Number of protein chains: 2
Amino acid sequence: MTRMPTVEDVARVAQVSRQTVSNVINSPSIVREATRSRVLAAIDELGYRPNAAADQEITRMPTIQDVAGLAHVSKQTVSNVINSPSTVREATRSRVLAAIDELGYRPHASARRLRTRKSSTIGVRLAPLPPDGISSAILDRFVRKLTEQADARDLRVMLFTAGDPVEEIDRIRRLHEGSDADAFVLSATEYGDPRIAWLVEQDIPFVSFGRPWDAKTPHHRWVDVDGRAGVGEAVRHLRAHGAQRVGWIGWTETSGNGNERRSGWEAESGLSATDQRTYSRRAPDDVTEGTRCAMELLSLPEPPDALVCASDSLALGAMTAARMSGRPALPVIGFDDTPIAAAVGLSSVEQPLDEVAATALALLFGPEGDDVLPNPGDDEEPTNRLLAPRLVERRPSHLQLDATTGD
Amino acid sequence: MTRMPTVEDVARVAQVSRQTVSNVINSPSIVREATRSRVLAAIDELGYRPNAAADQEITRMPTIQDVAGLAHVSKQTVSNVINSPSTVREATRSRVLAAIDELGYRPHASARRLRTRKSSTIGVRLAPLPPDGISSAILDRFVRKLTEQADARDLRVMLFTAGDPVEEIDRIRRLHEGSDADAFVLSATEYGDPRIAWLVEQDIPFVSFGRPWDAKTPHHRWVDVDGRAGVGEAVRHLRAHGAQRVGWIGWTETSGNGNERRSGWEAESGLSATDQRTYSRRAPDDVTEGTRCAMELLSLPEPPDALVCASDSLALGAMTAARMSGRPALPVIGFDDTPIAAAVGLSSVEQPLDEVAATALALLFGPEGDDVLPNPGDDEEPTNRLLAPRLVERRPSHLQLDATTGD
DNA sequence: AAGATTTGATAGATCGATCAAAAAATTGCG
DNA sequence: CGCAATTTTTTGATCGATCTATCAAATCTT
């Protein structure tokens with residue numbers, strides 16, 4: 001990266017102003033002798049040459065112009081070969097392709113973005129990790145899927161961080177104004193989310209992973225996973241295998257997702273309203289809370305014979321409680337299918353993140369291509385999708401081992 | 001985003017070539033009547049106007065020129081206010097800043113990158129997730145830290161995916177040639193890693209998270225965590241608390257990291273070579289493998305009274321084994337301090353990812369700034385750092401609950 | 001006070017690509 | 001063949017910023 005020295009560099013070394021350097025070169029007579037020799041020394045030392053532009057024969061990346069020269073066509077034709085090959089005659093095209101290959105040419109991403117006025121980049125905010133969260137890995141896994149799918153469309157995923165929604169708004173504004181990203185993916189929408197209204201008002205293209213939880217949220221694109229259906233499936237599965245009283249351990253009422261998931265249990269549990277109160281608990285998302293709630297439920301006169309939980313964290317705690325109460329085989333089902341569920345053999349409801357990512361891109365960019373679609377107007381047909389999760393059945397690893405070891 | 005219609009659009013609608021459209025406008029006489037009227041209809045329908053460039057007064061983002069106009073200075077001065085404020089007089093500067101504020105101006109990232117020839121972007125590959133890996137979340141957490149630290153330097157983190165090192169090389173080449181990223185962070189280095197030699201040869205700036213495991217790996221920048229020291233600390237801690245025979249469950253010999261971590265145990269265990277063979281096991285990184293190995297060790301005539309594992313996965317399995325063998329209080333220490341460790345109350349050795357990220361950036365860009373430093377030459381002083389991990393002590397949650405419930 | 005030097009602001013070129021339109025070459029048809 | 005129409009290629013402008021060198025005004029020397 002040995003850049004050509006500039007007047008600026010010479011000035012710094014000789015400890016004079018740029019103007020003085022210029023004078024030494026163009027009208028040496030007006031510069032005092034001492035200064036002049038100091039400047040000349042600096043020029044010598046750095047190997048500065050006035051019109052340095054000419055000899056930048058340093059290993060420059062080939063440009064479209066170089067390709068054009070080699071293939072004996074105009075640079076526009078080279079551009080066409082790359083961007084709309086069908087408009088170029090076969091003979092010409094192969095000649096240009098050969099030249100591209102020979103030089104190892106690749107279009108300069110920034111130049112292209114400047115001209116086309118699109119960055120082909122999707123901004124994704126990484127929210128801070130909650131201290132004990134094992135579920136938050138969902139975002140990480142979603143980002144992976146999004147990146148994979150984006151690669152296929154020649155889109156890039158750029159990450160940024162922000163501590164809270166307000167800070168996120170500020171970051172998005174800057175990224176958008178600087179044309180750093182031309183679409184954004186929101187995640188973890190909540191009641192009274194300020195981001196959506198703002199983005200809609202600013203007309204910045206986005207899609208949210210998570211449905212709006214407020215009736216007054218403006219119309220926008222979103223994709224979400226149907227937690228209610230997922231939990232419902234889990235409960236039906238347990239009952240089909242003989243469970244009579246399926247208990248529920250969920251989140252507090254402030255969580256839209258939590259209420260949604262709980263409603264799936266309510267609908268499928270087959271319990272009376274009174275029993276529903278008896279066999280359910282609400283708690284923060286934490287392993288020890290899961291254990292606590294499960295212990296409570298299991299010490300009822302008629303304890304539940306299966307448990308469904310709003311998260312793998314709670315479910316993991318519930319499994320511990322089950323073992324502690326001497327019921328290691330009690331069926332427990334979690335939610336999110338985090339790696340830990342696979343590790344301990346916990347059944348869990350899996351979010352189809354592949355599909356979520358694909359849908360998010362489809363909503364933003366259409367079925368294919370990398371032109372971002374504008375945010376939908378109020379009157380437009382639905383621009384959102386609710387995807388069905390899938391129950392992943394597993395056999396708890398402690399039971400597997402019991403079997404293996406005969407213990 | 002209602003773009004002005006172009007000749008291209010008109011041509012498509014009228015189903016004629018662009019040239020014909022041009023002729024209809026400029027020399028109508030040479031176009032046959034039927035064609036001409038079809039083209040005119042299309043022009044009308046789209047509301048096409050020949051010199052549309054003039055009236056693009058649609059909400060364009062303000063440019064440096066707009067700011068210059070409002071502040072009555074040249075655009076170069078505006079640029080100076082942004083990039084080297086000290087060279088601009090106070091009065092002028094505040095006038096320009098006011099204009100910037102009023103217009104909500106923000107430099108166009110791509111234009112700047114094109115001119116400055118640097119993308120200020122770091123490329124990071126997301127390796128595919130191993131099916132059961134709970135440790136692989138390390139990369140995700142590292143990426144988070146890297147993004148945070150990069151934000152502070154006005155650098156961007158761009159993700160890409162690749163299935164294997166060879167594919168990764170190809171992706172890096174394309175991203176580098178297209179000036180999409182000007183530095184890369186490698187992770188998960190392994191024996192005979194082909195990426196490093198290639199990057200060094202191509203002179204593409206990079207740093208690897210993970211030291212080279214081969215003697216013949218060329219000199220390059222790297223940062224890593226001292227697994228040996230971390231495990232050593234864990235073993236010392238256990239022995240200081242009375243453990244006589246600390247066992248080890250680690251990975252197979254093909255893992256550089258695994259061998260490194262094991263050596264920490266060997267050094268601090270205080271066991272004879274024979275006992276070391278007795279009290280250690282090698283296995284793939286998997287929870288059930290951890291349980292299996294731990295069961296073996298615990299059924300020895302003189303079982304170990306504490307266990308240290310190469311990963312949280314193995315440690316989690318070992319905890320299960322301990323409970324199954326009726327020794328729920330057996331001290332177990334894992335590695336990586338994954339969220340799951342916090343969740344179940346497993347002590348673990350924590351990698352200082354904050355520091356790893358900061359060091360990676362410092363090696364790539366120097367103590368501050370966003371100019372990439374070239375790869376170091378063979379003779380240069382060490383350009384790598386080995387960071388010390390930290391033991392996080394926890395009390396197993398099942399024990400906490402035992403205490404609470406009196407069970 | 002005249003000349004040397006620095007500070008402040010500016011003009012013009014340039015980064016590497018695509019867009020828009022026009023020109024040139026080719027094809028089709030009566 | 002001759003002209004209209006199409007296909008292929010080229011010219012010139014442009015995206016929005018920074019780089020380079022220089023001019024102009026202010027400040028310092030002797």
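Sequence lines set the chain letters: A, B, ... in the order given, protein chains first and strands last, and positions in each chain run from 1. Reckoned from all heavy atoms, side chains included, excluding hydrogens, waters and symmetry mates. Small disclaimer: the values here were computed from a predicted structure and weren't measured.
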Query raised in the report: Can you tell me if A:D101 uses its side chain to pair, donor with acceptor, with the backbone of A:L97 under 3.5 Å?
Result: no

Any [X] side-chain N or O less than 4.0 Å from OP1/OP2 of [N]:
{"X": "B:S79", "N": "D:dC19", "value": "no"}
{"X": "B:R113", "N": "D:dG16", "value": "no"}
{"X": "B:S74", "N": "C:dT10", "value": "yes"}
{"X": "A:R117", "N": "C:dC19", "value": "no"}

Looking at the side chain of [X], which of [options] is the nearest nucleotide?
{"X": "B:A111", "options": "C:dG16, D:dA13, D:dA17", "result": "D:dA17"}
{"X": "A:T63", "options": "D:dA17, D:dT9, C:dG16", "result": "C:dG16"}
{"X": "B:N80", "options": "D:dG16, C:dC19, C:dT10", "result": "C:dT10"}

Query raised in the report: Mapping B:L114 and B:R89 to their closest nucleotides on DNA chain D, which lands nearer the 5' end?
Result: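 Nearest nucleotide further toward 5': that of B:L114.
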
Query raised in the report: Quick one: on DNA chain D, does B:Q76 or B:S110 contact a more 5' nucleotide (nearest heavy atom)?
Result: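 Whichever sits nearer the 5' end wins; that is B:S110.
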
**Report entry** C:dT18 base / A:R112 side chain donor-acceptor hit below 3.5 Å
**Finding:** no

Without decimals, in angstroms, what is the distance between [X] [atom1] and [N] [atom2]?
{"X": "B:N83", "N": "D:dA17", "atom1": "CG", "atom2": "P", "answer": "11 Å"}
{"X": "B:M61", "N": "D:dC15", "atom1": "CE", "atom2": "P", "answer": "16 Å"}
{"X": "A:D66", "N": "C:dA17", "atom1": "CG", "atom2": "C1'", "answer": "13 Å"}
{"X": "B:E90", "N": "C:dT7", "atom1": "CD", "atom2": "P", "answer": "17 Å"}
{"X": "A:H108", "N": "C:dT14", "atom1": "NE2", "atom2": "C1'", "answer": "13 Å"}
{"X": "A:I64", "N": "D:dT10", "atom1": "CD1", "atom2": "P", "answer": "12 Å"}
{"X": "A:R115", "N": "D:dA13", "atom1": "CZ", "atom2": "C1'", "answer": "8 Å"}
{"X": "B:R106", "N": "D:dC15", "atom1": "CZ", "atom2": "P", "answer": "21 Å"}

For [X], answer base if it contacts any base atom (sugar-phosphate contacts may also be present), sugar-phosphate if it contacts only those atoms, and nothing otherwise; contact means non-hydrogen atoms under 4.0 Å.
{"X": "A:T20", "answer": "base"}
{"X": "A:T35", "answer": "sugar-phosphate"}
{"X": "B:T77", "answer": "base"}
{"X": "B:S179", "answer": "nothing"}
{"X": "A:V73", "answer": "sugar-phosphate"}
{"X": "A:R93", "answer": "nothing"}

Query raised in the report: Of all heavy-atom pairs between B:L373 and B:P205, which one has the smallest distance, and what is that distance?
Result: O-CB, 4.0 Å

**Report entry** Nearest non-hydrogen partners of A:P62 and A:L103, listed with the distance
**Finding:**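 Nearest heavy atoms, A:P62 then A:L103: CG-O, 3.4 Å.
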
**Report entry** Residue whose nearest DNA chain C nucleotide is more 5′ - B:H72 or A:Y105
**Finding:** B:H72

**Report entry** Spatial distance of atom CE (B:M158) from atom CG (A:L159) [nearest 0.5 Å]
**Finding:**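 Atom-to-atom, B:M158:CE and A:L159:CG are 10.0 Å apart.
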
Query raised in the report: Heavy-atom count around B:E167 CD within 6.0 Å, excluding the residue itself: above 12?
Result: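 Yes, CD of B:E167 has more than 12 neighbouring heavy atoms, counting only those of other groups under 6.0 Å.
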
Report task. Compare all side-chain heavy atoms of A:R112 with those of A:K118 and state whether any distance is below 4.5 angstrom. Result -> no

Query - Bend angle of the helix from C:dA1-D:dT30 to C:dG30-D:dC1, from helix axes over five pairs at each end, nearest 10° - result: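 Computed from the C1' atoms at both ends, the axes differ by 30°.
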
Query raised in the report: Can we say B:D180 and A:R113 salt-bridge, meaning some charged N sits less than 4.0 Å from an Asp/Glu carboxylate O?
Result: yes

Query raised in the report: B:R221 and B:F206: side chain to side chain contact (heavy atoms under 4.5 Å, CB included), yes or no, with the steps?
Result: CA-CA 7 Å; B:R221 291 174 273 199; B:F206 75 100; over 6 Å; no

Would you be so kind as to tabulate the donor-acceptor pairs closer than 3.5 Å made by side chains of residues 172-179 of chain A, with sequence neighbours excluded?
unit_1, atom_1, unit_2, atom_2, d
A:R173, NH2, A:D170, OD1, 2.5
A:R174, NH1, A:D170, OD2, 3.2
A:E177, OE1, B:R106, NE, 3.1
A:E177, OE1, B:R106, NH2, 3.1
A:S179, OG, B:H108, NE2, 3.4

